Amino acid sequence: MTYLIFGNIAVWLGIGGYLFYLSTIQKRLSLKIRQLEVSADEQ
Amino acid sequence: MLNIRFLCLTVKDLKLIFSDGSGIIQPVLLGLILVFVFSLSTPIGEEVTAQAAASIFWLATSFALILVFNTLYSMEETNQARTGLLLSPMPLQHVWVSKALTGMLLLLLAQLFFFPAIIVFLGQENMAGWWTLLGVILLVDWGLVAVGSLLGAVSQGHAARDSLLSVVIFPLLIPLLLAGIRMGAHLLGGADDENLGAWGGIAFSFGAVFTGAAIVLFPFIYNEY
Amino acid sequence: MSDNSIMVRSIPALAVMGAAGLIIAQYFIWIYAPVEATMGIMQKIFYFHLPMAWWGLICFFVVFCASLVFLISKNPFMDRLSQAAAEMGLLYSALALATGSLWARAAWNTWWTWDPRLSTTLVMWFIYAGYLALRQSIDNPQKMRAVSAVLGVVAFLNVPLVFLSARMWRSIHPAVFGSKGGGLEPEMMTTVLVCIVAWGILTSGILFYRLRQLDIKDRVKNLFIF
């Protein structure tokens with residue numbers, strides 16, 4: 001039974017971890033794009 | 001004379017390697033050290049099993065493979081002469097063939113040193129069938145150099161060449177190494193393995209698959225800077 | 001790939017459907033499917049293990065196809081597809097290994113056995129981990145794409161050999177969809193299929209999302225080159 005719980009935890013942690021990784025990349029990208037837009041406006 | 005031409009490259013590489021010898025001393029030394037260190041894993045007085053000895057032999061060979069092909073492919077790179085190879089009037093596949101052949105010769109030379117080391121440090125004395133043994137070594141080496149020559153060009157111009165290449169190549173080699181270990185264990189007088197022919201088949205198909213893949217795919221790798 | 005392409009527009013729908021599918025799958029796993037006679041409730045880990053293993057392998061197959069097409073067409077989209085699929089495949093095979101290992105501990109009282117499917121998955125995991133490491137470590141994007149496409153093709157060609165050699169080494173894995181019934185009751189079969197479909201929808205959603213992200217990343221990078 002405990003193994004089952006561990007298995008579930010592993011699966012959701014894995015998927016969640018990957019999604020979190022993707023979201024941090026996305027955040028960094030949006031920040032960069034916003035910076036680019038701002039600098040383009042200033043020119 | 002198309003089929004002879006790649007030999008020029010092989011001869012050139014061999015001359016360069018043996019002019020200072022560093023290209024072959026390193027892999028031989030590393031392999032010998034590996035064999036010696038692994039001999040420490042067995043308590044004194046106990047025998048090393050044939051399978052363990054075979055594994056150590058092929059492991060030493062794989063490390064030698066990485067070093068040999070790094071040297072072979074970095075020779076043009078360090079002298080900034082790679083364009084020369086790209087411009088030479090022959091299909092790029094010949095570069096692959098010639099490097100594979102050179103690598104094969106160097107690997108066999110290294111194994112010539114590993115073999116006595118296996119006998120001395122790991123106490124393997126009941127070898128059966130020298131000719132079969134030679135055949136098995138040649139068969140497995142064929143697969144090794146096919147992969148080594150295809151992917152050796154991958155890490156060209158990269159700072160951490162050796163580690164990158166071993167991370168990429170070692171997992172690919174696993175079926176071939178399994179075959180080599182099983183056949184080697186059999187020939188070193190280990191347990192009778194009735195699957196010897198099947199293992200030979202795996203080693204053969206490995207060599208064939210990667211030779212075919214290399215002939216098609218090598219130009220894609222070597223063309224790019 | 002423009003922002004209005006079908007792929008990009010389908011991402012939210014796929015995400016919602018995937019999540020709903022997984023919730024339905026939970027019902028099937030815990031309530032609908034019977035508890036297995038010999039292994040007890042532990043067998044339910046199988047409903048995670050199998051979809052993970054299958055989709056992992058399918059992702060690796062996608063890497064293979066995309067790499068092949070890339071070598072022919074030199075279309076950067078195919079290169080991004082192989083990266084996204086390799087990442088998903090690596091994640092799934094890692095989870096399949098983890099759940100498989102836990103299952104092995106419960107069923108056979110050992111964390112790891114030399115089983116063909118298990119070993120093949122592990123070897124694949126190593127190969128594709130090397131593949132992603134290679135992608136990261138080559139600076140020149142053109143060389144990186146060509147090299148990783150070649151590796152993507154070669155890696156999958158290796159799978160049958162890995163499997164055969166691992167099977168000749170030794171085996172105790174149960175044959176699930178084997179010819180002699182495989183010991184799965186129909187309710188369990190339905191549950192497994194529901195899980196596979198649910199994970200598949202979620203996988204394609206994440207894959208498309210990652211593809212779009214890699215596309216944007218490339219475009220931002222290209223802004224600085226010119």
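Here is the naming used below: chain letters follow the sequence lines, and residue numbers restart at 1 for every chain. Predicted model only: the values in this text are computed from it and were never measured. Hydrogens, waters and symmetry mates are skipped; everything else that's a heavy atom, side chains included, is used.
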Visitor: Give a yes or no answer on whether the side chain of Q213(C) reaches the backbone of L22(A) with a donor-acceptor pair at less than 3.5 Å.
Guide: yes

Visitor: Side chain, backbone, both or neither: which part of L22(C) has a non-hydrogen atom closer than 4.5 Å to chain A?
Guide: side chain

Visitor: Atom NZ in K32(A), atom CG in L223(C): separation rounded to 0.5 Å?
Guide: 9.5 Å

Visitor: Taking side chain as C-beta onward, heavy atoms only, is R210(C) less than 4.5 Å from Y21(A)?
Guide: yes

Visitor: How long is the span from the CD1 atom in I45(C) to the CG atom in N8(A), to the nearest 0.5 Å?
Guide: 7.0 Å

Visitor: Are W199(C) and I15(A) close enough that some pair of their side-chain heavy atoms sits under 4.5 Å apart?
Guide: yes

Visitor: Please classify the contact of L91(C) with chain A as side chain, backbone, both or neither, using a heavy-atom distance under 4.5 Å.
Guide: side chain

Visitor: Given L4(A) and L102(C), is the side-chain contact (heavy atoms from CB on, under 4.5 Å) satisfied, shown in steps?
Guide: CA-CA 8 Å; L4(A) 188 59; L102(C) 287 167; over 6 Å; no

Visitor: Which one wins on heavy-atom pair count under 4.5 Å against chain C: I25(A), L13(A), L19(A)?
Guide: I25(A)

Visitor: How about Y92(C) and Y18(A): do any of their side-chain heavy atoms sit closer than 4.5 Å?
Guide: no

